[in-house]
Structure formats: C-alpha cells, structure tokens
Colleague: 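I'd like to ask you about the structure that follows.
The residues of the chain are indexed from 1 along the displayed sequence.
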Amino acid sequence: MAASSKNVEEIRKSDSFCLYLILTDLCVWKVHTTDFPGNYPNFDDSWDMAKFKKNFQIDLMHLDESQMEFEHDGSGCSHHQCLQKILLAEVPTMAIEKDEVLAHRLGLIPIKADPRLFEYRNSATENEGSEIDTIQLQLKISCSRNPASSKDSSDPRELYLNHMVYSKDIHWVPIGNQADVFANCSIGPVHGDILIAQLRPGQELDIIMHCIKGIGKDHAKFSPVATASYRLLPEITLLEPVEGEKAERLQRCFFRGVIDLEDSNGKKVAKVANSRLDTCSREVLRHDDLKNVVKLGRHRDHFICTFPVWTRVHRDNIKLVPVMEQRQLRMTGFDRLEGAS
C-alpha cells in the first residue's frame with residue numbers, strides 16, 4: 001500500500017521519528033532517520049533543491065585572524081562533509097614549490113599572500129616563474145661563534161650566532177613589477193617563529209624559493225585550513241524544576257555558561273542558558289537524582305563548523321568558496337558568509 005504524504009508527515013512528527021539524537025548513559029538513541037528515497041512505498045522522498053534552499057540557513061558565528069566558525073541548519077551530514085572536503089582540498093593558496101633541500105620544512109610553512117592575485121603556473125613553463133604566477137623568497141643565513149660568549153658557557157644560545165633558523169629569516173624578493181603591484185602587501189611567512197633548522201659555525205643556508213598557486217588536492221601544503229571539525233548543536237531540556245542544592249550540582253555538571261541559576265522566592269532555580277556551549281560529556285547522567293530531570297540531545301541537521309585558518313588573506317579566500325560556483329552548489333545561504341567582514 002502506498003504511503004500518502006499526510007501519513008508520512010504524521011509518522012515523522014510522532015515519537016518514532018525525532019529531529020534530535022538522544023544521549024543516554026549507555027547509548028545514543030534515534031540515530032537513524034527515515035527521510036531517504038525508498039523508505040516508504042511509492043512515496044517520492046528524493047532530494048529537492050527548492051526544498052533544500054527553503055530550509056537551509058547558514059550563520060557566521062565567529063571570525064578572527066586564526067579561526068572561522070559558522071553554523072548551518074537544514075542539511076545533512078553528507079552536505080557538510082562535501083563542504084569540508086572543498087575547503088580542505090579545493091581552495092587555492094600559495095606554497096613553496098620544489099623545496100629539494102629541506103623538503104617538508106619549507107613547503108609546509110604557510111605563506112601570507114592572496115592567491116586570487118596570482119595565476120596557476122603553466123605546466124609548459126614550470127621551470128620558469130614570472131610575476132603573475134610566482135612569489136620568490138630567499139633564505140640566506142650563516143652561523144658563527146659569538147666572540148662575546150663566556151669561556152665556561154655550554155649554552156648554544158650564548159656560544160653561537162644565528163644557530164637557530166626561523167621562518168622570520170625568509171624574505172620576499174620581488175619579481176618584475178611585484179614591488180609596485182604589492183607595495184601595500186606584506187608578503188612572507190604567516191608566522192615568524194617556525195623553526196626550520198639548527199646550524200653550527202661554518203654552516204650556512206642560501207636558498208631561493210619559488211611559491212606557486214595550488215590546491216590541497218594536489219599537495220597538503222596548499223590546504224588553507226588545518227583540522228576542519230564540526231559538531232552537532234546540543235539540545236538540553238529540563239523535564240521538571242530543579243531547585244536548591246540539586247540546582248547547584250546540576251550547574252556543575254555542565255560547561256560554564258550552559259546552566260544558570262535564578263533566584264525564585266528565595267530559592268535557586270536552574271535554567272538552561274546556552275546549550276550550544278555544552279560539550280555533551282553526560283556528566284549529569286552519573287547522578288541518580290539528576291539523570292531523570294534532564295534530557296540530552298543533539299540536532300541531527302544543525303552543524304557547528306570550526307575551521308582554523310592562517311590569516312585574513314586565506315580567511316577571505318575561504319569565504320568566497322569559488323569552487324562551489326563551479327560545482328553548481330552555490331545557494332542563497334552562502335551569501336551571508338561571503339558578505340561577512
């Protein structure tokens with residue numbers, strides 16, 4: 001017998017179908033859903049773009065020089081993983097290429113440069129860089145003995161000069177008209193305290209490096225983000241009033257800011273202040289007198305996404321997500337990310 005749209009909606013509104021994952025002391029309930037094609041006989045439950053755009057919402061929650069956090073609601077885990085892989089593998093950056101001597105040490109140093117201002121290097125001229133596709137950097141440093149060091153000292157920091165080579169020792173060498181074009185840009189390593197090598201007197205490094213445009217799919221050094229993580233939005237519901245000493249213990253079971261205490265007729269009463277801050281540790285379920293007064297869950301279609309980024313340059317490049325347009329995945333909700341500052 002075919003399932004009507006009305007019957008399906010009634011099933012999904014019943015207790016057998018829930019938009020939340022339920023956390024208990026022993027397991028996680030209601031992990032699976034029924035909203036996929038073929039689950040109900042002769043009922044069309046295929047993915048619909050118009051419906052998705054109507055339900056989908058994205059909000060930028062936090063943005064600074066090192067991290068971007070946003071939430072998106074109304075989509076499944078597969079959509080988020082697609083977005084995550086795009087950010088990791090298909091957003092271009094600039095990185096040192098052909099670092100034969102120090103290999104990964106140099107290649108993995110993040111470079112502060114806007115990749116949108118450069119072209120991909122032509123494979124036909126891969127051995128020749130130009131001002132439109134290459135950034136040239138130089139590392140030239142030598143180690144020598146410190147004439148002012150104490151005779152009894154054994155500390156390399158006192159005995160030697162320039163024995164620790166850091167990323168701050170890398171300097172930009174403009175090619176062609178780059179000095180004029182990027183006069184207001186500070187091209188170079190994002191962080192100056194990355195240790196590259198340790199030298200001893202008589203040793204030196206004299207390296208010319210070329211940075212080219214690439215994507216993380218080709219090599220990890222081009223990835224503009226570090227670990228891209230996400231979590232589901234927590235949902236905490238108090239099933240009955242919690243007062244007095246129980247309210248104080250309940251507050252201590254959660255991360256700071258999740259539970260607040262209000263004064264009501266001279267008694268402290270617990271209330272949920274911000275469930276988003278919860279880490280879902282389930283500490284409250286260890287207390288026999290508290291585990292039945294609170295319900296813990298997570299929204300199955302509301303994701304909190306965190307992406308550590310290098311600098312504003314890379315952050316702005318991520319906000320544009322140009323590859324999403326190429327993949328025809330651009331949706332109205334993403335305008336909020338692009339327009340954020």
Colleague: Quick one: does Lys221's side chain have a donor or acceptor within less than 3.5 Å of a partner on Ile96's backbone?
Modeller: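 Confirmed, Lys221 side chain pairs with Ile96 backbone.
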Colleague: Does some side-chain heavy atom of Glu240 sit less than 4.5 Å from a side-chain heavy atom of Asn292?
Modeller: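 The answer is no, as the side chains (C-beta and beyond) never meet within the 4.5 Å cut-off.
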Colleague: Please walk me through it: do Phe254 and Leu250 pass side-chain contact (heavy atoms from CB on, under 4.5 Å)?
Modeller: CA-CA 7 Å; Phe254 294 91; Leu250 179 68; 3.7 Å; yes
Colleague: Could you report the tightest heavy-atom contact between Val272 and Leu238, atom names first, then the distance?
Modeller: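 Looking at all heavy atoms of both residues, the closest pair is CG2-CG, 3.9 Å.
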Colleague: When clusters are formed by joining ILVMFWY residues with side-chain heavy atoms under 4.5 Å apart, either directly or through shared neighbours, do Leu205 and Ile194 land in the same one?
Modeller: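 Looking at the clustering, Ile194 is in the same group as Leu205.
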Colleague: I want to check something: taking the side chain as every heavy atom from C-beta on, are Val294 and Leu239 in contact at a cut-off of under 4.5 Å?
Modeller: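 Answer no - side chains too far apart.
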Colleague: side-chain contact (heavy atoms from CB on, under 4.5 Å), that's the test. Do Cys280 and Leu23 meet it? Break it down for me.
Modeller: CA-CA 8 Å; Cys280 296; Leu23 307 181; 3.9 Å; yes
Colleague: State, to 0.1 Å, how close Leu195 and Arg105 come at their nearest heavy-atom pair, and which atoms those are.
Modeller: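 For Leu195 versus Arg105, the nearest heavy atoms are O-NH1, 3.1 Å.
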Colleague: Of the non-hydrogen atoms in Phe56 and Ile58, which two are nearest, and what is the gap between them?
Modeller: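 Taking every non-hydrogen atom into account, CE2-CB, 4.0 Å.
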Colleague: Check for a donor-acceptor pair, side chain of Arg157 on one end and backbone N or O of His163 on the other, with a separation under 3.5 Å.
Modeller: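 Judged by distance alone, no pair lies under 3.5 Å.
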Colleague: Under 4.0 Å between a side-chain nitrogen and a carboxylate oxygen: does that hold for Arg252 and Glu283?
Modeller: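 Answer for the salt bridge query: no.
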Colleague: List the atom of Ser281, the atom of Cys253, and the distance in Å for their closest heavy-atom pair.
Modeller: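 For Ser281 and Cys253, the tightest heavy-atom pair comes out as OG-O, 4.1 Å.
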Colleague: Quick one: do Val242 and Val269 end up in the same hydrophobic cluster if we chain Ile, Leu, Val, Met, Phe, Trp and Tyr together by side-chain heavy atoms under 4.5 Å apart?
Modeller: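 Different hydrophobic clusters.
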Colleague: To the nearest 0.5 Å, how far apart are CD1 in Ile22 and CG in Leu296?
Modeller: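 If I round to the nearest 0.5 Å, the distance is 8.5 Å.
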Colleague: Could you tell me if the side chain of Ile111 sits less than 4.5 Å from the side chain of Leu137, heavy atoms only?
Modeller: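 They are in side-chain contact.
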Colleague: Does Lys268, at its NZ atom, have more than 12 non-hydrogen atoms belonging to other residues, nucleotides or ligands within less than 6.0 Å?
Modeller: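 Not buried by this count: 12 neighbours or fewer within 6.0 Å.
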Colleague: Please answer: with hydrophobic residues joined when any side-chain heavy atoms are less than 4.5 Å apart, are Tyr166 and Leu199 in the same cluster?
Modeller: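 No, separate clusters.
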Colleague: Show your working on salt bridge (Lys or Arg N to Asp or Glu O under 4.0 Å) between Lys295 and Glu235 and close with a plain yes or no.
Modeller: CA-CA 8 Å; Lys295 182 179 180 181; Glu235 177 75 15; over 6 Å; no
Colleague: Considering residues at least two apart in sequence or located in another chain, which fulfil the ring-ring contact (aromatic ring centres under 6.0 Å, His included) criterion with Tyr160?
Modeller: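 ring-ring contact (aromatic ring centres under 6.0 Å, His included) list for Tyr160, sorted by chain: empty.
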Colleague: State, yes or no, whether a side-chain contact exists between Ser144 and Pro201 at a heavy-atom distance under 4.5 Å.
Modeller: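 A side-chain contact under 4.5 Å is absent here.
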Colleague: Take Leu233 and Arg276, measure what side-chain contact (heavy atoms from CB on, under 4.5 Å) needs, and give me the verdict at the end.
Modeller: CA-CA 6 Å; Leu233 179 68; Arg276 185 180 182 276; 3.8 Å; yes
Colleague: With a 3.5 Å distance limit and no angle check, can you tell me whether Glu131 reaches the backbone of Gln178 through a side-chain donor-acceptor pair?
Modeller: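 Not at all, since once roles are kept as given, no pair shorter than 3.5 Å links the two residues.
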Colleague: Give, for atom CG of Leu106 and atom CG of Leu139, the distance between the pair rounded to the nearest 0.5 Å.
Modeller: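 Between atom CG of Leu106 and atom CG of Leu139 there are 7.0 Å.
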Colleague: With a sphere of 6.0 Å drawn around CZ of Phe255, does it hold more than 12 non-hydrogen atoms of other residues, nucleotides or ligands?
Modeller: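 No, CZ of Phe255 has 12 or fewer neighbouring heavy atoms, counting only those of other groups under 6.0 Å.
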Colleague: For the NZ atom of Lys271 and the CG atom of Leu261, what is their distance to the nearest 0.5 Å?
Modeller: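 Interatomic distance, Lys271 NZ to Leu261 CG, rounded to 0.5 Å: 10.0 Å.
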Colleague: Could you check if a side-chain atom of Lys213 sits within less than 4.5 angstrom of a side-chain atom of Asp133, using non-hydrogen atoms only?
Modeller: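 The answer is no, as the side chains (C-beta and beyond) never meet within the 4.5 Å cut-off.
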Colleague: Can you name the closest pair of heavy atoms from Glu158 and Asn146 and give their distance?
Modeller: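 Taking every non-hydrogen atom into account, O-ND2, 3.0 Å.
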Colleague: Quick one: are Ile215 and Val91 in side-chain contact, heavy atoms under 4.5 Å?
Modeller: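 No - every pair of side-chain heavy atoms lies 4.5 Å or more apart.
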Colleague: Taking atom CD as the centre, does Glu119 end up with more than 12 heavy-atom neighbours from other residues, nucleotides or ligands that are less than 6.0 angstrom away?
Modeller: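 No, not enclosed.
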Colleague: Kindly determine whether Arg121 and His210 satisfy side-chain contact (heavy atoms from CB on, under 4.5 Å), including the steps that lead there.
Modeller: CA-CA 11 Å; Arg121 179 177 287 188; His210 286 178; 3.9 Å; yes
Colleague: Can you spot which of Glu71, Gln57, Arg231 makes a side chain to side chain donor-acceptor pair (under 3.5 Å) with His302?
Modeller: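 Per the side chain to side chain donor-acceptor pair (under 3.5 Å) rule, the option paired with His302 is Glu71, out of Glu71, Gln57, Arg231.
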Colleague: Determine, using the 4.5 Å side-chain heavy-atom cutoff (strictly less than), whether Ile207 and Ile196 are members of one ILVMFWY cluster.
Modeller: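 Yes, because Ile207 and Ile196 connect within a single hydrophobic cluster, where side-chain heavy atoms sit under 4.5 Å apart.
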Colleague: Mind telling me whether Phe118 and Phe182 have parallel, tilted or perpendicular rings, with 30° and 60° as the class edges?
Modeller: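 Answer is parallel, since the angle falls under 30°.
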Colleague: Flag the pair Asp73 / His299 as yes when at least one side-chain heavy-atom distance between them is below 4.5 Å, and no otherwise.
Modeller: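 Side chain of Asp73 against side chain of His299, heavy atoms only: no contact under 4.5 Å found.
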Colleague: Spell out, as yes or no, whether a donor-acceptor pair under 3.5 Å connects the side chain of Thr306 to the backbone of Ser229.
Modeller: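 No; judged by distance alone, with no hydrogens or angles, the pair does not exist.
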Colleague: Might you point out which heavy atoms bring Leu159 and Ser153 nearest each other, and give the distance in Å?
Modeller: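 Between these two residues, the closest heavy atoms are CD2-O, 3.5 Å.
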Colleague: Could you tell me whether a side-chain N or O of Thr93 sits under 3.5 Å from a main-chain N or O of Phe222, the two making a donor and an acceptor?
Modeller: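 Yes, the answer is positive, given that a donor and an acceptor are paired below the 3.5 Å cut-off.
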Colleague: Is there a continuous path of hydrophobic side-chain contacts, each under 4.5 Å between heavy atoms, that joins Val173 to Val190?
Modeller: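 In one cluster with Val173: Val190, no.
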Colleague: Measuring from Leu161:CG to Ile141:CD1, what's the distance to the nearest 0.5 Å?
Modeller: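 These two atoms lie 10.0 Å from each other.
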